[in-house]
Amino acid sequence: MSEAPRFYITTAIDYPNSRPHIGTAFEKIGADVQARFQRMQGKSVHFQMGNDENTIKVSQRAGELGQDPQAYVNDMAQQFQAVWAALKISNDDFIQTTEERHRIGCQKFIQAVYDAGDIYKKAYSSQYCDGCEEFKTERDIVEGKCPNHPQRTLRVVEEENYFFRLSAFQDRLLALYQSQPDFIQPETRRNEILSLVTTGLQDVSISRKGFDWGIKVPFDPEQTIYVWFDALLNYITAVGYGTDDERFQRIWPADFHVIGKDITRFHCALWPAMLMSAKLPMPKHVLGHGFVYFKGAKASKSAAEKPRDPMDYIAEHGAEPFRYYFMRECPFGGDGNFSEERFIEVYNADLANNLGNLYSRTLTMCLKYFDGTLTGALETDRTAWVAECPNFPQLVQDLGGLVGSFQYNVALQKIWLEVLDASNRYIQATQPFRVIKTDPDACRVALLNVAESMRVLAILIKPFMPATAERFFRAFNWDDVQAWETVSYADALVRPELSEIQVRAQISDGKPAPLFPKIEVEPPATRS
RNA sequence: UGCGCCGUGGAGCAGCGGUUAGCUCGCCAGGCUCAUAACCUGGAGGUCGCAGGUUCGAUUCCUGUCGGCGCAACCA
């Protein structure tokens with residue numbers, strides 16, 4: 001039996017120091033779009049997310065709140081997952097690094113690297129800030145003081161830690177980048193890593209002494225595994241490394257690690273080196289996405305603009321516009337901006353006036369003129385609308401390529417410009433609202449064609465706005481002959497054999513409810 | 001200081017060695033009336049930060065410069 005090709009995609013795991021913010025949401029949405037797209041293409045997708053809990057700061061934070069660390073991280077994990085669920089993130093799994101499966105895999109891994117001879121013990125001496133409870137590097141220190149605690153004096157603390165021999169992997173890493181040219185994406189990130197690794201790598205400290213919280217080094221219980229040697233491993237422990245080898249063999253390696261550009265070095269240099277040492281296969285791609293910045297607040301009443309909880313926007317306008325905004329406005333590989341004004345502008349222009357309006361006008365005409373049932377669909381040429389959309393098959397193929405390569409903003413612009421606008425132009429050209437009076441048949445044919453364009457749109461936007469896409473699709477009875485759950489991009493080209501098209505959308509007072517009610521910026525003109 | 005990014009019509013962004021520099025919003029004029037005052041057509045508006053260089057030709061490549069910004073080993 002032939003198995004569906006596998007596709008394993010991960011996001012970075014997050015520190016649960018505070019609630020998820022808009023920037024982390026950007027990463028999850030971008031990965032989710034890819035996961036959904038790959039599922040549409042028939043892949044057997046595993047989409048992995050999680051929280052990074054074995055950090056000193058987490059236990060400190062719990063202490064501040066007077067909570068047990070485990071209870072604290074469990075609660076945070078619930079909160080994170082609630083946000084991701086509200087954003088319709090379709091992850092298949094969510095790992096907490098305090099879970100047993102992670103601890104077991106982690107210890108197995110570090111033991112393997114130790115046995116391979118790539119871990120050694122070394123005395124580490126550095127300035128230590130009691131305020132931060134952290135070692136400070138030369139660069140951190142300003143005028144001999146910790147910038148966070150200028151009143152305190154730094155003291156030199158010496159400690160024995162384990163180090164990973166990262167420096168020894170320079171040649172092997174460069175060979176990796178050579179043999180897998182698209183390992184690091186996008187190009188600018190690749191160039192950065194290339195120069196970093198070419199310049200030379202230092203060994204990294206991978207353990208700390210004297211902390212209760214965290215995973216013990218198996219060959220030295222006095223030491224706790226520190227940050228990256230713990231966090232990165234979630235990508236393999238989550239899929240069975242150390243606990244379910246059969247599953248691990250099946251799913252690993254990852255097709256994509258989707259991460260923020262600031263941590264590309266850990267994923268592109270440290271991580272592959274770790275895997276090489278443990279003799280595990282390399283992931284196929286690492287994608288370092290850009291950041292989302294908040295546009296400086298305009299000199300208006302809303303003075304101090306600070307990152308709002310993503311939940312605020314989701315609750316106000318729905319998850320789908322939120323997803324659309326980021327995917328359309330922020331090139332995934334580069335940086336983007338968020339501002340409320342821009343959000344409203346994009347929402348009104350693209351969603352309310354275009355997408356939502358097409359939905360309303362089409363359904364209304366079908367109901368008004370034909371009672372919602374258009375017969376004789378098989379006899380008509382339901383390709384005419386494509387005349388407004390030249391080279392349609394090529395377009396669909398291009399779109400698949402764009403989405404598959406994370407060029408979401410380009411893909412969405414193309415869909416709007418070349419499919420949605422074409423649909424509106426088609427209505428203008430055929431004027432069903434006018435010919436209904438003189439030639440009802442011409443009107444019927446025109447509406448059948450618009451219904452078809454809506455089906456196409458539904459498929460094309462499915463990875464980005466799953467719920468909206470489904471409403472578009474189910475606005476008519478396409479589901480009778482084509483299962484929504486299994487449509488692929490290629491199905492956009494296939495016009496289902498359906499003899500009669502019926503409106504199935506929710507109707508109240510003879511009208512479909514607006515999909516995206518326009519956001520009014522101006523206060524009501526006169527209030528008297 | 002090191003690394004990287006940006007500077008394109010009023011605003012926000014695309015673009016990229018070569019026909020009339022695109023898109024969204026805003027503005028102006030017209031059309032239409034099915035629709036969420038929406039949709040369609042047309043228009044005004046840019047010497048593509050500045051100065052050099054490479055080239056038959058640069059917004060697009062190189063150098064310098066001014067201005068804005070991000071990152072810098074454990075914050076997406």
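Protein chains get the first letters and strands the later ones, always in sequence-line order, with residue 1 at the start of each. Note that the structure is predicted; figures quoted are calculated from it, not measured.
Within the 4.0 angstrom heavy-atom criterion, base atoms lie near A/Phe291. At a threshold of 4.0 angstrom between heavy atoms, the contacts of A/Gly260 are confined to the sugar-phosphate backbone, with no base atom among them. No contact: A/Val346 has no heavy atom under 4.0 Å from any strand. Contact annotation for A/Gln202: base contact, defined as any heavy-atom pair under 4.0 Å involving a base atom. A/Leu358 comes within 4.0 angstrom of nothing in the nucleic acid, heavy atoms only. At a threshold of 4.0 angstrom between heavy atoms, the contacts of A/Arg425 are confined to the sugar-phosphate backbone, with no base atom among them. When heavy atoms are screened at a 4.0 angstrom cut-off, A/Phe516 is found touching base atoms of the nucleic acid.
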Secondary-structure notation, RNA chain B, from Watson-Crick and G-U pairs under 3.5 angstrom (| other strand): (((((((..((((....[...)))).(((((.......))))).....(((((..]....))))))))))))....
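With B/G12, B/A73, B/U36 as the candidates, the nucleotide lying closest to the side chain of A/Ala352 is B/U36. When distances are taken from the side chain of A/Asn354 to each of B/C34, B/C39, B/U36, the shortest belongs to B/C39. Minimum atom distance to the side chain of A/Asn357 is reached by B/U36, of the listed B/U36, B/U41, B/C32. When the nucleotides B/U33, B/C75, B/A73 are ranked by their closest atom to the side chain of A/Phe266, B/A73 comes out on top. Among B/C74, B/C32, B/U24, the nucleotide with an atom closest to any side-chain atom of A/Leu417 is B/U24. Of all nucleotides listed (B/C74, B/C39, B/A14), B/A14 comes nearest to the side chain of A/Pro331. The side chain of A/Lys57 approaches B/C75 more closely than any other nucleotide in the set B/C75, B/C34, B/C40. Counting only heavy atoms from C-beta on, A/Glu345 has its side chain closest to B/C25 among B/C23, B/C25, B/C34.
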Between the protein and nucleotides 3-10 of chain B, are there any N/O to N/O pairs under 3.5 Å, and if so, what are the atom names and distances?
none

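Going from atom CG of A/Asn337 over to atom C1' of B/C69 covers 10 Å, rounded to whole Å. Rounded to a whole Å, the NE2 atom of A/His289 is 13 Å from the P atom of B/C71.
Note: A/Tyr177 and A/Phe183 have parallel aromatic rings, judged against thresholds of 30 and 60 degrees for the angle between ring planes.
The side chain of A/Lys511 places an N or O atom within less than 4.0 Å of a non-bridging phosphate oxygen (OP1 or OP2) of B/U36. For B/U33, one of the phosphate oxygens OP1 or OP2 lies less than 4.0 angstrom from a side-chain nitrogen or oxygen of A/Arg434.
Across all non-hydrogen atoms, the minimal contact from A/Gln223 to A/Glu160 is NE2-O, 2.6 Å.
Defined by atom type and a distance below 3.5 Å, a donor-acceptor pair is missing between the side-chain atoms of A/Arg172 and A/Gln170.
Along RNA chain B, the nucleotide nearest to A/Gln428 and the one nearest to A/Thr362 differ in position, and the one closer to the 5' end is contacted by A/Thr362. With RNA chain B read from its 5' end, the first of the two nearest nucleotides for A/Trp228 and A/Ala513 is the one closest to A/Ala513.
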